**Q** 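To start, I am sharing the structure in question, which I have written as structure tokens.
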Number of protein chains: 2
Amino acid sequence: MLDRTPPQFPPFAVTVDLVVLAVASSTVQVLLVRRDTEPFAGQWSLPGGFVGVEQDLEDAARSKLEAKTGVALARTHFEQLATFGRPDRDPRMRTVSVVYLALVAERFEPVVAADAPPAAWTDIASARARSLAFDHDEILSGGVARLAAKLEYTTLATALCPPTFTIAVLRSVYDTVWGVELDPANFHRKVMATTGFVEPTGEQIVAGAGRPAKLYRPGSAELLNPPLQRPTDE
Amino acid sequence: MLDRTPPQFPPFAVTVDLVVLAVASSTVQVLLVRRDTEPFAGQWSLPGGFVGVEQDLEDAARSKLEAKTGVALARTHFEQLATFGRPDRDPRMRTVSVVYLALVAERFEPVVAADAPPAAWTDIASARARSLAFDHDEILSGGVARLAAKLEYTTLATALCPPTFTIAVLRSVYDTVWGVELDPANFHRKVMATTGFVEPTGEQIVAGAGRPAKLYRPGSAELLNPPLQRPTDE
DNA sequence: GAAATAGTGTCTTTGAGACAATATATG
DNA sequence: CATATATTGTCTCAAAGACACTATTTC
């Protein structure tokens with residue numbers, strides 16, 4: 001019975017797309033690639049591509065990121081964001097895109113292979129101003145919203161920091177993603193009170209002006225309990 | 001340029017599967033169907049099926065639920081849960097399943113069409129005891145976890161209550177999903193303090209023993225601010 | 001009246017937020 | 001010393017949780 005003819009089913013194309021986010025210069029930055037083929041040739045889009053027949057979805061997403069950008073993914077947070085499959089989202093064929101959210105510590109320089117389309121970091125305000133290919137504007141918004149929400153109750157902000165960082169750097173991640181200015185004193189105390197959020201390296205930063213700050217690395221905790229409250233903007 | 005031949009891509013089967021949850025008899029219940037064809041014939045699985053070529057994903061999920069169970073979906077909460085696509089998850093072919101979470105107010109009696117496989121409500125403990133077809137055990141766990149998490153910061157618990165309900169009924173949803181016993185007094189105050197969580201109907205319940213409780217219907221708010229804290233079990 | 005459930009009052013503790021004060025660097 | 005940033009102290013307010021108490025019904 002097992003080797004009988006499979007039932008009829010409509011064939012779909014399945015792709016993975018990536019929302020790769022970093023924080024730099026007080027902006028949230030997203031990695032975009034310029035399309036060199038139709039549809040949407042010349043427009044910017046999220047990196048992605050077709051999934052192989054024997055390829056796992058997350059593996060596919062990871063390898064797209066590596067292939068298109070040459071980045072080492074050691075310190076990259078990866079999670080599934082959502083799946084987009086409106087029948088008209090790709091004019092060529094029926095396509096379902098499984099989207100992954102990746103958070104990287106630093107803006108690595110995208111390695112542009114000779115035959116690959118150019119990739120570039122763009123702050124999200126500019127990314128929204130250009131309109132992206134397919135339904136990628138909507139996908140990008142979803143990715144940024146997910147990040148903002150998760151900063152409240154997870155330690156993910158450390159994934160957007162260099163391997164070692166000061167509390168001020170960690171705070172700047174929150175300030176940038178949330179578009180607020182958290183109180184440095186209260187933020188410091190809150191982070192210190194949450195066991196496993198960060199752990200001290202014993203080092204200090206080489207400092208410009210002001211008292212030098214201690215350096216920390218990410219702790220073992222993944223969830224913040226109690227969460228870090230996002231200020232309500234009224 | 002737009003009408004040129006589409007590039008080669010591996011054909012996938014795309015399905016939608018449903019985690020349909022209700023609360024009854026102090027248990028979380030899930031709607032399961034018994035498979036009558038291979039693979040996994042005779043085992044229980046989540047309801048679902050193939051997506052049509054021109055069908056939107058969520059539309060497909062809704063119509064599967066209607067077709068398989070004959071339920072009116074007016075008061076049903078629907079949201080995308082996650083997508084599962086391990087290459088070996090379906091022995092017949094490469095299949096990607098987009099899973100939706102549905103929350104229903106009451107256990108409607110599943111309408112079993114003459115040619116349709118039988119469907120039945122099962123409490124999640126029993127569902128986990130039987131092992132479900134495909135990777136549906138894992139999917140079910142994900143759905144229940146999503147529900148438990150969302151009760152904290154959304155008003156979704158009202159979607160699991162009848163059209164009008166008492167505060168005690170609403171509390172029993174929290175108690176059941178979280179596996180705790182919240183303090184009736186504090187819960188009452190908390191719900192009342194959150195504008196838009198519930199609104200009074202002016203009616204009272206016909207009561208068994210004890211002081212009759214006021215009846216409420218769901219309010220307009222979707223988010224709880226501040227959230228309802230889930231007790232930490234230490 | 002006894003029992004049961006609904007709903008209110010009150011006290012304690014925890015944590016968020018405002019902001020003053022102290023610490024340690026540079027120029 | 002002036003300035004800048006880091007870090008700590010202190011006070012106030014909001015909300016969670018424990019639990020005593022009151023309200024309104026059935027038996």
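Heavy-atom basis, side chains included; hydrogens, waters and symmetry copies ignored. Throughout, a chain's letter reflects where its sequence line sits, starting with A, and its residues are numbered from 1. No experiment lies behind these values; they were computed from the predicted model shown.
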**Q** Salt bridge check, Arg89(A) against Asp135(A): does any charged N sit closer than 4.0 Å to a carboxylate O?
**A** yes
**Q** How many whole angstroms separate atom CZ of Arg171(A) from atom P of dA6(D)?
**A**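 To the nearest whole Å, that distance equals 6 Å.
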**Q** Hey, are Glu199(A) and Arg217(A) close enough for a salt bridge, meaning a charged N less than 4.0 Å from a carboxylate O?
**A**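 Yes, this pair counts.
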**Q** Any side-chain N or O of His188(B) below 4.0 angstrom from OP1/OP2 of dG7(C)?
**A** yes
**Q** Return yes if the base of dG17(C) and the side-chain atoms of Arg189(A) contain a donor-acceptor N/O pair under 3.5 Å, otherwise no.
**A** no
**Q** Salt bridge or not between Lys150(B) and Glu222(B)? Use side-chain N to carboxylate O under 4.0 Å.
**A**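 So Lys150(B) does not pair with Glu222(B) through a salt bridge.
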**Q** Nearest heavy atom decides the nucleotide; on that basis, is Gly210(A) or Met192(A) closer to the 5' end of DNA chain D?
**A**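 First, find each residue's nearest nucleotide; the 5'-ward one identifies Gly210(A).
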**Q** Just how far, in rounded Å, is C1' of dA23(D) from CD1 of Ile205(B)?
**A** 17 Å
**Q** Asp183(B) has a side chain; which of dA16(C), dA6(C), dC19(D) sits nearest to it?
**A**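 Nearest to the side-chain atoms of Asp183(B), counting from C-beta on, is dC19(D).
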**Q** Rounding to a whole Å, what distance do you find between Leu170(A):CG and dA6(D):P?
**A**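 Taking CG of Leu170(A) and P of dA6(D), I get 12 Å after rounding.
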**Q** With a 4.0 Å cut-off on N to O distance, would you call Arg62(B) and Glu58(B) a salt bridge?
**A**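 Yes, this pair counts.
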**Q** Is there, by distance only and without an angle test, a donor paired with an acceptor across the side chain of Asn186(A) and the base of dA18(C) below 3.5 Å?
**A**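 Such a pair exists between side chain and base.
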**Q** I'd like to know if Arg211(B) reaches the base of dA6(C) with its side chain such that a donor and an acceptor end up less than 3.5 angstrom apart.
**A**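 Such a pair is found, so the answer is yes.
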**Q** Can you figure out which of dT7(D), dA16(D), dA6(C) approaches the side chain of Lys190(B) most closely?
**A** dA16(D)
**Q** Closer to the 5' end of DNA chain D via nearest nucleotide, is it Pro227(B) or Pro212(A)?
**A**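 The residue mapped nearer the 5' terminus is Pro212(A).
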